[in-house]
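Below is one structure, written out as structure tokens; comments come after it.
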Number of protein chains: 2
Amino acid sequence: MRISELSRRSGVSVTTIKYYLREGLLPPGRQTAATQAEYDEQHLRRLRLIRALTGVRGLSVSTTRDLLDALARHTGDTHRTLGLTLGAIRLADEPTAEAPEAGEVDALVKELGWEVHQSAPARAALAETLASLRSLGVPLDWHTLLPYGRLAERTALLDLDQLDGIEDPLEVAERALLLAVLLEPALLALRRMAQENESSRRHADGGPQPA
Amino acid sequence: MRISELSRRSGVSVTTIKYYLREGLLPPGRQTAATQAEYDEQHLRRLRLIRALTGVRGLSVSTTRDLLDALARHTGDTHRTLGLTLGAIRLADEPTAEAPEAGEVDALVKELGWEVHQSAPARAALAETLASLRSLGVPLDWHTLLPYGRLAERTALLDLDQLDGIEDPLEVAERALLLAVLLEPALLALRRMAQENESSRRHADGGPQPA
DNA sequence: TCCAGTTGGATACCTTCACTATCTATGTTA
DNA sequence: TAACATAGATAGTGAAGGTATCCAACTGGA
């Protein structure tokens, strides 16, 4: 198909598609002439993936590119892909020069018995949050996070269960990315609702009156 | 203290503080003369809160303002504050005209037995994620989300437990905000690490070699 | 009392991001 | 062959989040 059809079927404007091509988010089409190229279903799929990542999850274009690059590099390596592609995401982008809370994160990971790469960005993200909360006078130490860690463990079980039974390694990698990244806003939304529920339950007065 | 001291103690530049004052994130100081105002510890605390919300969590300035406004309006209402301030956050800002997946979210909430306000933004966020995953060919329905919902329930229990034993309603409100919002990146980080761990466990070859 | 330095307030400017518009040379299609 | 589509390049746009500069009013030390 040509670019206009790709645009029509994806709902993304031609100029934006050109922008994604320029930025390397979308691989170029097969050139058929100096001013003509042919796109296929893969491009359409990729385009939808890009829109989901940037739109739903709110990832920046450059983060999305990094993610897609990682995805392309590591296909055929099944589960391993997951950790690697995830490593490409950074929520906050400054490493802030190794927070002193890193030691606490080490302790937490050790206590949980997890095997997590030392350079995983998630470690820094966690340390940074601890540092922030502390500077705001919230005395949260790693012991408090332990039960959260146990729950995260069970969440991860559910996540990986979803990948079982898929044969094509390319598809495993893509689905892993989708579930890992796109499910995040959904899980946060669930947590919000659960909090609202639990809060009204404890307070026993708020919220819409029960039937 | 004057603005320069506020700047020095918070690590935020004077011009940026003025910007926050303009944008209404920070209440004005007590005017002592036409070109002089006095700031106190509350301002410093508020400034740190703003930096945590925008920096660590990546909230926009306008969302942060909405959140702080909600916080100020509802103090003295304890638990109720939590649901209300949380309602002020929106992850993705377009409601996208009621996704057809809204019915599924209703079913999920009903099955979980939760009491969640019908207009809670989390509902729309969840519906949008379902719609996106579906358009990408991931057949995720609300039954799949049920176990995630149960885990979210337990997370919410932990969240609200942290508010127990705090007397000052102002402090309860602020801590609720901090835990609800700032803990999010931490929980996502934990999930990432748990996934990496579980992935290497199942694959039994990746990751750094065990001792 | 003078005066360098600080402050509040206003306005203009800057940079990044994610697009969007326009242009040209080349193709395709009726 | 004329109308339209296309690739690729370059420039422009609007929002967000600050930053810089001015100015008049104030402060604190010599």
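Numbered from 1 within each chain, the chains take letters A, B, ... in sequence-line order.
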Self-check item: Per-nucleotide protein contact string for nucleotides 23-28 of chain D, where B marks a base within reach and S marks sugar-phosphate only (heavy atoms under 4.0 Å, - for neither)
Solution: --BS--
Quiz item: Looking at Glu41(B) and Arg9(B), does any basic side-chain N land under 4.0 Å from a carboxylate oxygen?
Solution: yes
Quiz item: Please walk me through it: do Gln118(A) and Asp106(A) pass side-chain contact (heavy atoms from CB on, under 4.5 Å)?
Solution: CA-CA 9 Å; Gln118(A) 196 59 41; Asp106(A) 290 346; 3.4 Å; yes
Taking all non-hydrogen atoms of both residues into account, name the closest pair between [X] and [Y] and its distance.
X	Y	result
Ala186(B)	Leu126(A)	CB-CD1, 3.5 Å
Val172(A)	Leu163(A)	O-CD2, 4.0 Å
Glu196(A)	Ala120(B)	OE1-CB, 3.9 Å
Arg65(B)	Gly24(B)	CG-O, 4.1 Å
Ala131(A)	Glu101(A)	CB-OE1, 3.5 Å

[X] has an atom [atom1]; how far is it from atom [atom2] of [N], in whole Å?
X	N	atom1	atom2	answer
Tyr39(A)	dG8(D)	OH	C1'	10 Å
Arg57(A)	dA18(C)	CZ	P	14 Å
Ile3(A)	dG27(C)	CD1	P	17 Å

Quiz prompt | Nucleic acid contacts - residues 23-31 of chain B versus DNA chain D, non-hydrogen atoms under 4.0 Å | solution = none
Quiz item: Considering only heavy atoms from C-beta outward, does the side chain of Asp164(B) approach that of Asp161(B) to under 4.5 Å?
Solution: yes
Quiz item: Nearest of dG17(D), dT6(D), dG8(C) to any side-chain atom of Ser60(B)?
Solution: dG17(D)
Quiz prompt | Donor-acceptor under 3.5 Å (Asp40(A) side chain, His43(A) main chain) | solution = yes
Self-check item: Side-chain H-bond candidate by donor/acceptor type, Thr144(B) with Asp141(B), under 3.5 Å
Solution: yes
Quiz prompt | Close approaches to DNA chain C from residues 12-22 of chain B, in residue order (heavy atom, under 4.0 Å) | solution = Lys18(B), Arg22(B)
